[in-house]
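Following: one structure in structure tokens, then a few remarks.
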There are 2 protein chains.
Amino acid sequence: MDTMADRGSVTLRDVAEAAGVSVSTVSRVLDERAPRSQSATAVRVRQVADELGYRRNAYASGLRRGQTGTIGVLVPRLTDTVMALMFEALERAARARGYFAVVATCGDDPESERSSTEILLERGVDGLVLATARLDDELPAALRARGIRHSLALRTDGVSPSSLGDDDMGGYLAVRHLVDLGHRDIAIVTGPRFASSANGRVEGARRALAEAGLALDAERVVYAGYGIDEGVEAGRAVFTSSRPTAVFAANDNLAIGVMRAAHLAGRVVGDDLSLVGYNDIPLASRLPVPLTTVHVPFDQIAAGAIDLLFAPPGEATIRKVLPTLMPRASTTRVVE
Amino acid sequence: MDTMADRGSVTLRDVAEAAGVSVSTVSRVLDERAPRSQSATAVRVRQVADELGYRRNAYASGLRRGQTGTIGVLVPRLTDTVMALMFEALERAARARGYFAVVATCGDDPESERSSTEILLERGVDGLVLATARLDDELPAALRARGIRHSLALRTDGVSPSSLGDDDMGGYLAVRHLVDLGHRDIAIVTGPRFASSANGRVEGARRALAEAGLALDAERVVYAGYGIDEGVEAGRAVFTSSRPTAVFAANDNLAIGVMRAAHLAGRVVGDDLSLVGYNDIPLASRLPVPLTTVHVPFDQIAAGAIDLLFAPPGEATIRKVLPTLMPRASTTRVVE
DNA sequence: CTGTTAGCGCCTTCAT
DNA sequence: ATGAAGGCGCTAACAG
């Protein structure tokens, strides 16, 4: 039986023998948490370990230490660029704190969400970051009941520690921008009702309209998913029932879908139709007509999510970071 | 010291005591690899384990078994949809075979490629799938020298076990399609010279042109990166120096960049300019003008990569799967 | 089929 | 500062 990718598997004992000291000495010298000793033995041991190509066996170490230096991340899918951005940011934040991030995808299915969680737990993660929390999801509550360290990223259930963007503010910035450009007939396409982000962004949008003395009719708001196809469909609905001069899509994917719907309806984005997205995925600024959107600082959100994992419980545990508007060619002054 | 996400940590011993049997009995009954015994004790043990909420500690188990049921995947970045698609497919393929896939991102830096590899090995992965192999990269050779199980996905170095699409065929299909539509003035934008995929696709393109009696002048081929920005730049270069009626971009991101460059140059894709991409990322079919592209069967590639990991060495180890052309609105018959 | 025994590689008292 | 010894949770030989 070959052991773990057939790697040379140089053990502590090998190093100890080669260096002529005991295993415990080597263990101590190579303990990355302790301050680096500069004693003669320490230096020699490190050199020998290096020559032999020693690598600590994370499993044995984790077993003994009771923690593994691993953080589990749960996302619905990685092919959604927003989730990929979030995971990469979490990976960086984790690494900066000496942790390794592993990810599991779980789609939109609560059942697979549970089973993916169990898989991660089985692998002994020291904490769990969920980028999936639905408002109606009972997973965070279950984790709280079991006393499992976790935090929510991008969304919140109002109870578990959460790190997210200020969606209300983002929605406000987006629509305020449209209002400032003279638009008064604005439609809104947002995410699913079960997502706190979708609701927050609509709230902010409503506030900006109210400030301008505009009401937000119910039929002006379309709740959809966060995918491109949902954007196409929502856009189609919007453009057949009315003729808004501007659309706020609460997600860049949705906005891209709306772009396609607009194209099919004979509307020209950046000309007779203004469009704002949300998230500022890399694609947004590189479209033929670059998309005005709300930039979300994923790195800050990630840092918050990781920090909350290890923060003493009972602190103010819902952290919001401010988004920024990125005006681009997809929004223009309203034509009379 | 709390152990691993504070989970209840019900151990084999707990189950054994509660069920009134020995630890090894429980271990055997709960061994997922053995055939499921239906004896009275087995049934009872499973029930008790279930009630207590027992979960196997993957670290202890891996330590003892000498393998961890984990496969490491190395990709440059997950924010590139192609890589996200590839990883998700690998994740599925791994899961179908009882493995769990963990991913590490390493950018384009060979140094960080090395260190990410070490991190994965430290975590005791049973094998490594690299979706990063550059032609000039020495990592596969290093892994071979150390006897570490691995395979390459999407690219090949010509030696290590590889699972990839038939890039030559894909390039051929793309350009053949353009030729069939009457185009004779075709420019090609491809990926970096260090990628086997980029070269293969150009070769196929060249073959299709030759068949039609057309030569491929060197200045008709632009080597770029695989990012959108590189596509914009390459497109700009193409459109300022000449006026091709069609462009084959060897990657959808590149194609999107070319779209933007075309827009800036006053060309209209699907009208006076035909454009073909490569990979068929989900976005391609959902653009305002849907992109004709070459569909790559990521699931087959993933299955191949995982299988090669555990195949007896010495087999035919470079597996290629056939891509398919997806004709869409971005390509039209040439206008005279 | 069951239980006993030994040990995977590492870390951490405890004694020197 | 160093070494010896025990054990983390689990599995594989070996008896019965």
Side-chain angles (χ1 to χ4, degrees), chain A residues 1-46 49 52-69 121-124 126, chain B residues 1-46 49 52-69 121-124 126:
Chain A
M1 172 64 56
D2 42 24
T3 180
M4 301 184 188
D6 296 355
R7 80 152 168 289
S9 82
V10 181
T11 86
L12 272 191
R13 226 177 81 194
D14 300 327
V15 178
E17 277 172 12
V21 291
S22 80
V23 213
S24 11
T25 303
V26 180
S27 172
R28 266 187 295 257
V29 169
L30 264 33
D31 186 336
E32 78 284 5
R33 300 161 303 181
R36 232 162 182 267
S37 159
Q38 293 302 343
S39 74
T41 20
V43 173
R44 189 158 43 85
V45 166
R46 271 194 290 269
L52 263 47
Y54 170 79
R55 334 227 87 255
R56 162 189 290 106
N57 179 324
Y59 283 68
S61 167
L63 181 57
R64 184 60 238 256
R65 288 189 187 178
Q67 47 178 34
T68 61
L121 253 24
E122 211 167 288
R123 309 203 92 77
D126 295 335
Chain B
M1 170 66 54
D2 40 26
T3 179
M4 302 187 188
D6 296 354
R7 80 151 169 288
S9 77
V10 180
T11 86
L12 271 191
R13 226 177 81 195
D14 300 328
V15 179
E17 279 172 10
V21 292
S22 79
V23 209
S24 18
T25 303
V26 181
S27 172
R28 266 187 296 256
V29 169
L30 265 32
D31 186 336
E32 78 285 4
R33 300 162 303 182
R36 225 159 188 272
S37 159
Q38 293 303 343
S39 76
T41 18
V43 173
R44 188 157 43 85
V45 165
R46 272 194 289 268
L52 264 46
Y54 171 78
R55 333 226 89 256
R56 161 188 293 109
N57 181 324
Y59 282 68
S61 168
L63 182 55
R64 187 58 239 252
R65 288 188 186 175
Q67 47 179 33
T68 61
L121 288 176
E122 206 167 295
R123 309 204 91 77
D126 294 335

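Every chain is numbered from 1, with letters handed out A, B, ... down the list of sequences.
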Which residues pass the side chain to side chain contact (heavy atoms under 4.5 Å, CB included) test with B/Ala60, not counting sequence neighbours? A/Leu63, B/Asn57
Listed by chain and number, what are the side chain to side chain contact (heavy atoms under 4.5 Å, CB included) partners of A/Thr25, not counting sequence neighbours? A/Val21, A/Ser22, A/Arg28, A/Val29
Rounded to whole angstroms, how far apart are CD on A/Glu122 and P on D/dC10? 10 Å
In whole angstrom, give the distance that lies between atom CG of B/Leu30 and atom P of D/dC10. 9 Å
A/Arg46 and A/Ser37: which non-hydrogen atoms are nearest, and at how many Å? NH2-O, 2.6 Å
Would you work out how much the helix from C/dC1-D/dG16 to C/dT16-D/dA1 bends between its ends, with each end axis defined by five base pairs, to 10 degrees? 30°
Within the 4.0 Å limit for protein heavy atoms, which parts of nucleotides 10-16 of chain C are touched? Write it as a string from 5' to 3', B for base, S for sugar-phosphate only, - for none. BBB----
Looking at A/Thr68 and A/Gly124, would you say the former's side chain and the latter's main chain have a donor-acceptor pair under 3.5 Å? yes
At less than 4.0 Å, is any side-chain N or O atom of A/Thr41 found next to OP1 or OP2 of D/dT2? Yes or no. yes
With a 4.0 Å cutoff (strictly under), does any side-chain N or O of B/Ser39 reach OP1 or OP2 of C/dC1? no
Are any non-hydrogen side-chain atoms of B/Tyr54 and B/Leu30 less than 4.5 angstrom apart? yes
Are the side chains of A/Val10 and A/Arg55 in contact, using a 4.5 Å heavy-atom criterion? no
Quick one: list whatever passes salt bridge (charged side-chain N to carboxylate O under 4.0 Å, His left out) with A/Arg13, sequence neighbours left out. A/Glu17
Going by salt bridge (charged side-chain N to carboxylate O under 4.0 Å, His left out), name the residues that satisfy it together with B/Arg33, two or more places apart in sequence or in a different chain. B/Asp31
